[in-house]
Amino acid sequence: MVSHRLGKHQSECNTSISANAATFKIRETNKYELSAQDSEAEENSSRNGFSCIRRSNPALKIPADALTRTEAYKAYMSSHPTAKLIGINGGWYDISKFIPHHPGGSVIAQFVGKDATPVFKGLHTKDVLKHMRPVATYRLSEDDPAAEAFAELHQFFIKQGFFQTSAVWYAGKMAFAASLLALTLFLVVGCSSWYWHCLASCSLALFWQQCGFFMHDFMHSQGFHERKIDNWIGLACGTLGVGINSFWWQEEHYVHHALTNTVDYENGFFDPQMKEESWAQNKKLFPFFTTRLQRALIAIQHWTFLPICIIVGRPYIVIAAIVSERRPIVWLALILHIIWVSVLLCQLPTWTQVFVTYSLASMLEGILHVQLLVNHYCKPFYERKEVCEETNWYRMQVECNINIKNPVWMDWFHGGLNFHIEHHLFPLMPRHRFREASKHIKAVCARLGIEYDECYWTTALVRTLKQLKNAAVVFSLDPR
C-alpha cells in the first residue's frame, strides 16, 4: 500500500535569501534578481555530482496579438476535432499519436485540453519537445501569482545546482545500507540467541526501508538524470533489494505526482496511491466505495489503519505489484530477491525462527507504508477538472502535502519523505538538497499566503487517524 485559494496576505518588505554563492531577492513583483555569479554557477553545475538537470523547452516566441489559451484551443479544435492537445510554455501540442509511447504512461492523457507547463517542467529532465512543434500558440497569462513565483524559483534552483546529485552523498548512503545487510548476516549466522535474531529482523527491515528510498530516488531519475540508467538502479534496489516491482510502482507514482489527491468521477479515475480498498480518508473518495464489505471496513478504518499497514502492508504490495507483470527482467529480479532472502534466513536453526524473523522484519518494514501515507491523508482532494484550471498545480502540491519536522540526524529514517512539499514541487531534486530548498519555498509560501504545513511525525499520524475517524462518520451519513 503505497500512499484554496490564494490568500490575500502579501509581504510589503523584500525578503533576502542567501543561496550558495548567489544572493537573490524576492520582490513584490515576484521576480528573482540573481547575482552575476549565477552564470558561473550554472557553467560549473555539470562538474560536480553525477549530472546536471538540463533546461526544459525554451520559451516559444509568442506573438503580441496571440489568442488566449482557450481561444487558440477552440480555434484549432474546430478544424481538427480528433486532435488531443496539451499546452506547454504557450504552445498547444498534438499528442494524439504520442500517448501510447509516452514513457510516463497514459497519465499524459489526463492533461488534454489543459496547460500542463508546471507538470511538464517538474517531471522531465531533458528538452523532450525538441522534435515536436506546436500546432498553435497562445498568450501566456496566469491568474494565480503562485504560478510565476514557483516557476522562477524552479529556474533559480536549476541555476544554483539544486538538481545536481552528489555521488559522494549517495556512496555514503549505499555504504550505510550495505552495513545494515552485513549486520543482518552477522546476527543470523554468527549469533545463536533468539534475541539477536530479533535484532536481525530490525536490521533487515531497515535495509529494506533504505532500499525502498533508493528505488524512490532513482525511479524519479534523481541519480544520473538518465531514465535508462536510473531505472536499472531502481530495479536493483526495489525489486531485487526490497521485493517490490519497481516499474509497477513507478507507473503509479507518476500518476500520483501529476494528479496528487485527485479524482475524476466521469472517467472513474483516482490517484492510485491515495486510494485503498479498506478505507476512505476523504469524502471525495466515497463514490468509489459501494460494497457492503467496504462500508463495514470504513466504519472502523481509524482502528484498522495501523494494523493493516504494518501487518498486511508488505505482503499486499509485493503481491499486487506482480500479479499482472509480464516483463521477464522484473520476474528475474524478484526471483533473485526470494533466493537471497531464503538463503539468508535458512541459516537460522529452526523453521520457527525463520518464520518469526521474516514476519517481524515484514511488520517493521510496514512502518515505511505508514510514512508514505501520513503526508497526504488529512489534506484536501481535488477533482481533475480543477487541476491546472481553477487550481494552480504548484499551489495544489503545497496544499495537499505535509512535511515532517525532525532533526537533521533523523533525515536518514525518513528518506526525504519528511520534505514532501519540496519533493512534490520539484520531483527531480535529489533529497539531500531538500532541507536547503525548504528555506526558499517557505519564503515564497509566506509571501503568497499559502500554508506551509509541517508537524512532527507523531502529530501527522494523530491527524491522519482523526481524519479517518471523521471520514467514517461522514460516510455513515452519506445517503449513497
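Remark: side-chain polar atoms of Q110 are not paired, donor with acceptor, to backbone N or O of L259 under 3.5 angstrom. Between the S201 side chain and the L360 main chain, no donor and acceptor come within less than 3.5 Å of each other. Looking at Q294, its side chain does come within 3.5 Å of a backbone N or O of T291 through a donor-acceptor pair. Judged by distance alone, the side chain of T239 and the main-chain N or O of V330 form no donor-acceptor pair under 3.5 Å. With hydrogens and angles disregarded, a donor-acceptor distance shorter than 3.5 Å links the side chain of S96 to the backbone of K84. Of the possible polar contacts, one joining the N261 side chain to the P380 backbone as a donor-acceptor pair under 3.5 Å is found. Remark: side-chain polar atoms of E252 are not paired, donor with acceptor, to backbone N or O of Q273 under 3.5 angstrom. A distance-only check finds a donor-acceptor pair linking the side chain of W340 to the backbone of L240 [under 3.5 Å]. Checked by atom type and distance alone, the side chain of N392 never pairs as donor or acceptor with a backbone atom of D144 at under 3.5 Å. Of the possible polar contacts, none joining the S193 side chain to the W196 backbone as a donor-acceptor pair under 3.5 Å is found.
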query: side-chain hydrogen bond (donor to acceptor under 3.5 Å, both in side chains) between N406 and Y456: does it pass, once the steps are laid out?
result: CA-CA 7 Å; N406 63 270; Y456 293 105; over 6 Å; no
- prompt: Do D411 and N418 pass the side-chain hydrogen bond (donor to acceptor under 3.5 Å, both in side chains) test, and can you show the C-alpha distance, the side-chain angles, and the key distance before you say yes or no?
  reply: CA-CA 7 Å; D411 281 351; N418 47 328; 2.9 Å; yes
- request: I would like to know whether K284 and E386 meet salt bridge (charged side-chain N to carboxylate O under 4.0 Å, His left out); could you show each step before the answer?
  value: CA-CA 13 Å; K284 288 193 174 182; E386 301 175 50; 3.5 Å; yes
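Residue V242 is tested with Q210, Q209, M215, R314 for a side-chain contact (heavy atoms from CB on, under 4.5 Å); the sole match is R314. With respect to N401, the side chain to side chain donor-acceptor pair (under 3.5 Å) criterion is satisfied by exactly one of H376, K379, E454, E422: H376.
Here the two rings, on F218 and Y170, have centers that are under 6.0 Å apart. In this structure, H423 has its ring center under 6.0 Å from that of H216. Annotation: Y254 is not in aromatic contact with H102 [ring centroid separation under 6.0 Å not met]. Taking the six-membered ring where the residue is Trp, the centroids of H420 and H414 are separated by 6.0 Å or more.
Salt bridge absent: K228 and E226 never bring a charged side-chain N and a carboxylate O closer than 4.0 Å.
The side-chain tip of K121 does not point at the ring of F426 from less than 6.0 angstrom away and within 45° of straight on. A cation-pi arrangement, defined by a distance under 6.0 Å to the six-membered ring centre and an angle within 45 degrees of its axis, is absent between R433 and W169.
The minimum heavy-atom distance linking H225 with L428 is given by the pair CE1-O, 3.6 Å.
Interatomic distance, CZ of F381 versus OG1 of T262, reported as 8.0 Å (0.5 Å rounding). Note that the CG atom of L468 and the OG1 atom of T304 stand 8.0 Å from one another [nearest 0.5 Å].
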